[in-house]
Amino acid sequence: MDFVSVGVAAIKSRTEYGWIGLGAATLYLTYCAIWRLYLSPIAHIPGPKLAALTHLYEMYYNNWLGGKYIWKIQELHDQYGPIIRISPSDLHVGDPEFYDILYPSATSGRRANKPPSLTKFFGLDDSLFSTMDHDIHRKRRAALLPYFSPTYARRLQPIFQERLNVMLERLVSFKDTDVAVNANCMFAAFSRGETPELGGKLEQVTNIGPLVDIMENLAFGQCTHRLGMYKPVPGLQNQPSIDVNNPEHPSFDPSERDASLSGAQSFHIMKRVPWLNDIMMSLPETLARRVSPSLGSYMRQKHETRKLVAQLSTTSDDEWNGKEMPIFRGVLNSPKLPPQEKTVERVSQDAQMLLMAGTLTMASNLEHSIYWVVDNPDVLRKMKEELKTAMPTIDDVPNVRLSSLEGLDYLTAVVKESVRLIYGNSTPHFRYDPDGPLVYKEEETEKSWVIPANTPVGMTSVLLHHNELHFPNSNKFDPERWLGEPGKKLDKYMVGFGKGSRVCLGMPHGYAILRLVLAQIWRLWATDEVALGDELGVIRLYNTTPLDVKMVGDFFVGKYNKARGVEFKVSSL
Ligand code: HEM
């Protein structure tokens with residue numbers, strides 16, 4: 001055989017192999033398509049064929065259009081009914097009455113697992129939030145539970161109050177300056193300096209919002225003491241504060257907040273390609289920072305958290321005598337966990353998750369509530385009148401007890417209404433029952449749908465909180481809806497903290513901090529329309545329109561039009 005015929009034969013066989021490969025791929029794809037459309041155990045659930053056929057349908061709305069699938073899901077519910085198939089593997093239910101079935105309570109005896117799409121996107125696979133298995137989740141949660149009761153939250157008031165005082169003092173230092181305060185950064189203080197105790201040096205940190213400090217205090221028994229950097233402002237009650245004229249200390253720095261939020265942009269990619277997340281998480285911090293600043297700051301947070309937990313693991317019980325035991329010191333020692341659950345690596349994941357869970361939603365909530373309250377003078381008027389009953393003068397503000405704020409119905413209604421409109425997590429929260437099928441019964445038609453075991457089903461707070469049957473005129477910020485008997489009945493439909501065995505662990509702390517912050521800010525400050533007369537000055541929105549507080553995309557948490565978020569200035573009355 002000459003070279004030419006050998007070459008021709010090789011090409012021929014390669015072409016043949018090519019055709020065989022193509023044929024096999026076509027057969028496989030055809031089989032997959034037929035299986036997904038007609039043979040899958042969820043083939044009977046209504047929905048668009050394209051969504052049943054490929055995840056690209058969802059990806060078009062989430063990755064290409066930017067977190068828009070939840071609103072498409074609402075359109076699909078309008079078209080196909082209350083239960084729909086939204087991807088080859090996932091279902092979605094729009095009927096609020098199904099919530100308690102999908103998210104069973106801890107005492108129901110039913111198990112609810114989380115699928116990887118909701119757990120493997122932020123590199124904390126062994127944290128409480130990301131725990132897929134129901135039984136492991138129960139154990140991990142039991143170790144944290146003692147630190148999250150309403151009574152415990154009340155006991156923590158001095159810790160909350162100390163940080164809050166500093167934030168309020170700092171706010172006064174901006175009065176009659178031209179500084180536009182970034183509300184989210186003011187509350188969250190995403191910047192974190194290295195702790196001197198750990199041998200690091202303090203970075204220049206320009207945020208002093210209370211939330212990260214509070215969470216760090218609860219978690220580790222210390223915070224980064226960034227306040228020590230600020231010069232006290234003369235005349236402000238013994239608090240360190242900022243010299244606003246010092247160019248090194250400008251207003252609240254949004255860079256890390258923006259970085260953290262832009263990190264959320266990768267949520268929809270990571271949830272479908274979890275191995276990409278594993279690669280990212282294995283990068284050294286310097287390289288991660290080059291890939292993206294948000295990833296860099298996330299990695300820094302991860303390393304710092306690990307250092308703090310490692311440090312806690314070497315402390316002795318005596319060191320905490322007479323002091324509040326930090327949560328993760330307790331977890332490292334918890335008799336409820338087996339040794340493999342108490343490694344520094346595993347516990348650090350819980351700690352980082354807690355820092356994130358306790359700041360992102362809270363900061364967003366407080367930020368937007370500033371806008372809603374200023375934008376609704378009637379709401380502010382009623383709230384201020386009620387606040388005056390608990391704090392007759394502004395000197396009473398730092399000493400008001402949480403228990404007396406809990407008795408203020410209107411304040412509670414304002415808090416609930418802001419949680420309703422901030423939605424908690426904006427993305428569908430998937431669960432599956434590993435033990436058997438679930439049944440969804442459509443009330444109107446009395447038709448029953450069997451959902452096979454192990455099928456992920458999601459429900460979405462953004463859609464449930466705009467259900468016009470329960471929340472008429474749902475886009476309006478209207479605390480009145482939570483008052484009286486009708487208000488009490490609405491509690492069933494409030495899902496901002498989730499429900500069931502995985503309901504937000506920090507809900508008591510969340511309510512406590514929201515009550516304290518809102519009550520104290522709005523007792524101390526007025527607006528141009530509403531003033532009691534003895535306030536420190538007025539809050540005026542700056543460069544913020546109604547469009548800026550409207551959620552435009554679901555990236556696990558809501559994304560908003562204006563990257564800097566709500567801004568305001570403070571002036572004399
Ligand atoms: C307005 C404030 C807050 C909102 C709206 C909120 C909302 C949520 C939501 C929707 C979940 C997921 C529930 C689920 O998986 O079904 C969650 C989980 C969690 N939250 Fe919050 N949260 C807030 C504040 C806090 C605070 C202040 C802390 C900590 C002090 C916290 C700690 C946690 C933890 C640890 C989890 C995981 C619970 C688990 O998987 O068992 N949250 N939160």
Side-chain angles (χ1 to χ4, degrees), residues 99-100 102-106 112-115 117-119 122 124-145 147-150 152-153 156 159-160 163 184 187-188 210-219 326-328 331 349-369 414-431 457-462 464-465 494-518 554 556-558:
Y99 207 88
D100 293 335
L102 186 60
Y103 306 91
S105 73
N113 287 359
K114 270 187 182 178
S117 62
L118 196 61
T119 57
F122 65 132
L124 300 174
D125 295 3
D126 291 322
S127 68
L128 181 73
F129 180 87
S130 293
T131 309
M132 292 194 269
D133 182 84
H134 176 91
D135 299 319
I136 302 177
H137 176 267
R138 296 314 305 151
K139 285 200 189 101
R140 290 179 176 164
R141 192 166 162 118
L144 285 164
L145 219 49
Y147 306 94
F148 289 95
S149 68
Y152 196 80
L156 296 172
I159 295 181
F160 301 154
R163 294 287 99 187
N184 193 299
F187 293 120
L211 289 172
V212 167
D213 280 356
I214 288 176
M215 293 305 141
E216 285 182 341
N217 256 327
L218 303 189
I327 295 176
F328 291 101
V331 172
Q349 295 202 21
D350 260 356
Q352 194 180 359
M353 181 239 14
L354 188 91
L355 293 180
M356 288 163 65
T359 46
L360 268 175
T361 33
M362 289 289 289
S364 190
N365 210 309
L366 288 165
E367 170 200 349
H368 288 86
S369 67
V414 169
V415 169
K416 284 185 181 172
E417 187 65 347
S418 55
V419 174
R420 178 180 78 85
L421 285 176
I422 215 70
Y423 316 117
N425 302 147
S426 54
T427 216
H429 259 223
F430 290 102
R431 295 285 190 276
V457 186
M459 294 183 76
T460 307
S461 59
V462 179
L464 296 168
H465 285 182
M494 154 71 97
V495 298
F497 289 99
K499 274 190 177 181
S501 58
R502 295 179 187 240
V503 62
C504 170
L505 192 62
M507 189 162 70
H509 301 50
Y511 269 116
I513 298 170
L514 291 176
R515 279 194 175 102
L516 277 174
V517 176
L518 286 177
D554 151 43
F556 184 68
V557 289

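Nothing here was measured: the structure is a model prediction, and the numbers come from that model. Order of listing sets the numbers, starting from 1, for every ligand and every atom in it.
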Mutual orientation of the aromatic rings belonging to Tyr147 and Tyr152 [parallel < 30°, tilted 30-60°, perpendicular > 60°]: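 Ring orientation, 0 to 90° scale: perpendicular.
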
Quick one: sort the Phe129 and Phe556 rings into parallel, tilted or perpendicular, breaks at 30° and 60°.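 Phe129 vs Phe556 ring planes: perpendicular.
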
Heteroatom distance test ([X], ligand 1): nitrogen or oxygen, under 3.5 angstrom:
X      : result
His137 : yes
Tyr103 : no
Arg431 : yes

Residue, atom name and distance, where the atom is the protein heavy atom closest to [atom]:
atom                    : answer
atom 36 (C) of ligand 1 : Leu505 N, 4.0 Å
atom 33 (C) of ligand 1 : Ala357 CB, 3.6 Å
atom 29 (C) of ligand 1 : Gly506 CA, 3.8 Å
atom 6 (C) of ligand 1  : Phe497 CD2, 3.7 Å
atom 2 (C) of ligand 1  : Met362 SD, 3.3 Å
atom 1 (C) of ligand 1  : Asn365 ND2, 3.3 Å
atom 23 (C) of ligand 1 : Thr361 OG1, 3.5 Å
atom 11 (C) of ligand 1 : Asn425 OD1, 3.7 Å

Can you check whether [Y]'s main-chain N or O pairs, donor with acceptor, with [X]'s side chain at less than 3.5 Å?
X      : Y      : result
Asn184 : Glu367 : no
Arg140 : Asp126 : yes
Ser130 : Leu124 : yes

In terms of atom number and element, which parts of ligand 1 are under 4.0 angstrom from non-hydrogen atoms of [X]?
X      : value
Phe129 : 12 (C), 15 (O), 40 (O)
Met215 : 27 (C), 30 (C)
Gly424 : 5 (C)
Arg141 : 38 (C), 39 (C), 41 (O)
Lys114 : 15 (O)
His429 : 12 (C), 13 (C), 14 (C), 15 (O), 16 (O)
Gly496 : 5 (C), 7 (C), 10 (C)

side-chain contact (heavy atoms from CB on, under 4.5 Å) for Ile327 and Phe148? Distances and angles first, verdict last. CA-CA 10 Å; Ile327 295 176; Phe148 289 95; 3.7 Å; yes

Take Leu118 and Thr427 through the test side-chain contact (heavy atoms from CB on, under 4.5 Å) and record every step on the way to the result. CA-CA 9 Å; Leu118 196 61; Thr427 216; 3.9 Å; yes

If you measure from atom 21 (Fe) of ligand 1 to every heavy atom of Cys504, Ser130, Ser364, which option wins on shortest distance?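 Heavy atom nearest to atom 21 (Fe) of ligand 1 belongs to Cys504.
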
Quick one: does Arg140 get within less than 4.0 Å of ligand 1, heavy atoms only?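 Judged by the 4.0 Å heavy-atom criterion, Arg140 does not count as contacting ligand 1.
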
Does Phe148 come within less than 4.0 angstrom of ligand 1, counting non-hydrogen atoms of the residue?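 So Phe148 counts as touching ligand 1.
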
Can a donor-acceptor pair be found between the side chains of [X] and [Y] at a distance below 3.5 Å?
X      : Y      : answer
Ser418 : Asn365 : yes
Ser127 : Asp350 : no
His429 : Asn425 : yes

Residue pair His509 / Leu156: nearest heavy atoms and the distance that separates them: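 That would be NE2-CD1, 3.6 Å.
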
Between Phe497 and Tyr423, does the ring centroid distance fall short of 6.0 Å?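 No, ring centres 6.0 Å or more apart.
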
Could you walk me through whether Lys114 and Arg502 pass the side-chain contact (heavy atoms from CB on, under 4.5 Å) test, one step at a time? CA-CA 10 Å; Lys114 270 187 182 178; Arg502 295 179 187 240; 3.5 Å; yes

